[in-house]
Amino acid sequence: MSTPQSPLHLARRRAVQAVAATGAATLLLVGCGSSGSSDKASSDKGSPSAASAAGASTAAGSPAAGDKRTVKDATGTAVEIPAEPKRIVTLTQEDLDAVLALGLKPAGITNGQGLNEPPAYLKDKVQGIPVVGNLLQPVMDKVIAAKPDLILAGDMQDQQVLKQLREITPATLVTMAPTDDWKLSFRGIGNALNKLEQANKVIADYDAKAVKAGGELGANKGAAVSIVRWNPTGPSWMEKKQFASGVALDMGLTRPKAQDKDGNAHTPALSLEKINEIDGDWLFLSTLTDDGKAALKDVQSKPAYQELGAVKNNHTVTVDGSVWSTRGGPLAADVVIGDIGKALAAK
């Protein structure tokens with residue numbers, strides 16, 4: 001999730017799902033090599049056509065300077081892009097996470113979710129890279145200064161902003177649809193960067209690590225974990241297909257009965273009368289703003305919070321909201337696995 005998930009933002013996401021679903025399968029490879037190619041191949045993992053396309057690209061050797069490929073972005077729009085982009089600008093931390101996980105260095109980035117600086121978990125990897133604005137709020141002069149030959153625009157839905165970006169470079173891709181999970185988006189970005197095979201390996205390595213880490217949780221194997229972001233108006237719990245929730249499930253953990261709900265977003269902020277919905281064997285708490293931190297600190301002295309089973313058992317863990325409340329990527333998933341392992345394996 002690229003922006004803080006206010007109820008208004010959540011409603012906007014759900015309103016566009018029906019339209020975006022046509023392109024939600026991922027960035028699809030249409031042509032490789034010269035710009036006139038028209039062979040089609042899906043970048044879904046395990047697709048024979050994707051495998052043959054990736055193999056053909058490798059067999060042909062490195063593309064010549066100026067070679068183009070055509071991909072379909074997450075909205076189904078066909079976009080011509082460089083076969084080997086050299087100056088990539090990322091407009092969300094999920095795009096940034098993906099590019100870094102594939103061993104590339106962007107030419108420009110945006111600040112992290114709810115932050116006025118790059119996300120802390122990527123800070124050591126982005127030293128010296130120009131910041132071109134806040135998340136999904138690029139400053140056009142700064143984008144121009146980065147001289148991009150490819151812009152990864154996350155789940156940008158502002159058509160006016162997209163138009164301006166495409167005037168800077170037509171190679172501007174919407175990389176996420178509302179119903180995409182992080183693995184699907186990551187494979188699509190990997191395909192757009194001509195690194196689909198590497199992206200599939202990154203995901204396979206993640207899957208193996210998640211299973212291994214889940215098996216090392218001792219008495220907490222299969223525990224019911226509650227994943228909550230505290231907003232200024234109260235707590236919201238994450239649905240099962242939201243990023244951090246998916247990582248927990250990949251580790252063999254479960255969700256509390258009240259949170260056993262499909263979806264990739266979160267609930268509206270809950271009142272104190274419904275605070276029992278956030279209880280679980282373990283409670284992972286995050287915030288995104290100073291107001292959210294203040295609201296969490298205030299509620300922690302109230303009886304309704306103190307009566308939660310996870311609180312009584314000292315099973316509450318504070319985590320980074322800019323990791324746990326996002327749509328995520330491979331590097332963020334590694335952070336979530338580490339946070340869960342550190343907390344649960346120690347008990």
Side-chain angles (χ1 to χ4, degrees), residues 1-5 26 88 90-106 109-115 117-127 129 131 134-136 152-155 175-176 178 180-190 193 195 198-214 225 227-229 236 238-251 253 264-266 284-288 317-344:
M1 298 179 187
S2 303
T3 56
Q5 295 292 290
T26 193
I88 305 164
T90 62
L91 300 188
T92 72
Q93 68 185 53
E94 295 84 20
D95 292 321
L96 173 59
D97 187 306
V99 170
L100 293 173
L102 292 169
L104 299 175
K105 184 176 181 179
I109 63 176
T110 52
N111 290 321
Q113 179 170 331
L115 305 173
E117 60 183 359
Y121 80 103
L122 299 176
K123 196 169 185 179
D124 63 336
K125 296 178 175 64
V126 298
Q127 295 289 339
I129 299 177
V131 174
N134 290 329
L135 183 141
L136 288 176
L152 301 180
D155 58 345
T175 60
M176 311 169 199
D180 288 354
D181 65 20
W182 74 266
K183 296 178 186 178
L184 195 60
S185 296
F186 177 63
R187 282 197 185 97
I189 293 170
L193 299 180
K195 291 182 177 289
Q198 184 177 340
N200 284 333
K201 184 181 185 304
V202 169
I203 292 174
D205 290 345
Y206 156 80
D207 287 336
K209 182 173 183 177
V211 170
K212 183 177 183 293
V225 294
I227 300 175
V228 172
R229 188 182 77 204
S236 296
M238 302 296 166
E239 295 171 338
K240 287 170 60 177
K241 292 182 180 178
Q242 182 270 346
F243 166 65
S245 301
V247 175
L249 295 179
D250 286 342
M251 294 177 68
L253 297 166
N264 65 346
H266 60 76
F284 288 87
L285 292 169
S286 68
T287 58
L288 279 174
V317 185
T318 301
V319 291
D320 184 351
S322 68
V323 174
W324 283 67
S325 294
T326 67
R327 298 183 71 155
L331 302 180
D334 193 59
V335 173
V336 174
I337 290 174
D339 288 344
I340 292 174
K342 182 179 179 180
L344 273 62

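No donor-acceptor pair closer than 3.5 Å links the side chain of Q113 to the backbone N or O of P119. With hydrogens and angles ignored, the 3.5 Å screen pairs a side-chain donor or acceptor of Q93 with a backbone N or O of S322. With hydrogens and angles ignored, the 3.5 Å screen pairs no side-chain donor or acceptor of S236 with any backbone N or O of R229. At least one donor-acceptor pair closer than 3.5 Å links the side chain of E239 to the backbone N or O of N264.
For the pair Q127 and K105, the tightest heavy-atom approach, listed with the atom from each and the gap, is O-NZ, 4.3 Å. Nearest heavy-atom pair across G328 and T326 is N-OG1, 3.1 Å. The two residues A153 and L136 have their closest heavy-atom pair at O-CD2, 3.6 Å. Scanning both residues, A332 and V323, for their nearest heavy atoms gives O-CG1, 3.7 Å. Closest heavy-atom contact between I227 and A248: CD1-CB, 4.4 Å. The minimum heavy-atom distance between Y206 and G246, with the atom names listed, is OH-O, 4.3 Å.
Checking Y121 against D334 by side-chain atom types alone, no donor-acceptor pair falls below 3.5 Å. With hydrogens and angles left out, the side-chain atoms of D97 and W182 include no donor and acceptor closer than 3.5 Å.
Put simply, the side chain of M176 reaches to within 4.5 Å of the side chain of T92, judged on heavy atoms. Looking at V225 and I340, their side chains never come closer than 4.5 Å, going by heavy atoms from C-beta outward. Within the 4.5 Å cutoff, no side-chain heavy atoms of P330 are placed close to those of L100. A 4.5 Å side-chain heavy-atom check between D339 and V317 finds every atom pair outside the cut-off.
Within a 6.0 Å radius of NZ in K241, other residues, nucleotides and ligands contribute 12 heavy atoms or fewer.
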Original post:
Can N134 and N111 be said to form a side-chain contact (heavy atoms from CB on, under 4.5 Å), step by step?
Top reply: CA-CA 5 Å; N134 290 329; N111 290 321; 2.8 Å; yes
Original post:
Passes side-chain contact (heavy atoms from CB on, under 4.5 Å), V335 versus D320? Steps please.
Top reply: CA-CA 9 Å; V335 173; D320 184 351; 5.9 Å; no
Original post:
Passes salt bridge (charged side-chain N to carboxylate O under 4.0 Å, His left out), D205 versus K201? Steps please.
Top reply: CA-CA 6 Å; D205 290 345; K201 184 181 185 304; 2.9 Å; yes
**OP:** Could you go through the side-chain contact (heavy atoms from CB on, under 4.5 Å) check for I109 and V131 one step at a time?
**Re:** CA-CA 5 Å; I109 63 176; V131 174; 4.2 Å; yes
Original post:
Hey, mind stepping through L104 and K195 against side-chain contact (heavy atoms from CB on, under 4.5 Å) and telling me if it holds?
Top reply: CA-CA 10 Å; L104 299 175; K195 291 182 177 289; 3.7 Å; yes
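The CG atom of L285 lies 10.0 Å from the CH2 atom of W324; values are rounded to the nearest 0.5 Å. Rounding to the nearest 0.5 Å gives a distance of 7.5 Å between CG of D155 and CD of E94. Annotation: the span from D95 atom CG to T90 atom OG1 amounts to 6.0 Å, rounded to 0.5 Å. The distance from atom CD of Q198 to atom CZ of R187, rounded to the nearest 0.5 Å, is 14.0 Å. Here L91 contributes atom CG and L135 contributes atom CG; the two are 8.5 Å apart, rounded to the nearest 0.5 Å. Taken from OG in S325 to CD in Q242, the straight-line distance is 6.5 Å, to the nearest 0.5 Å.
The side-chain contact (heavy atoms from CB on, under 4.5 Å) test with V336 is passed by exactly one of D250, V319, V247: V247.
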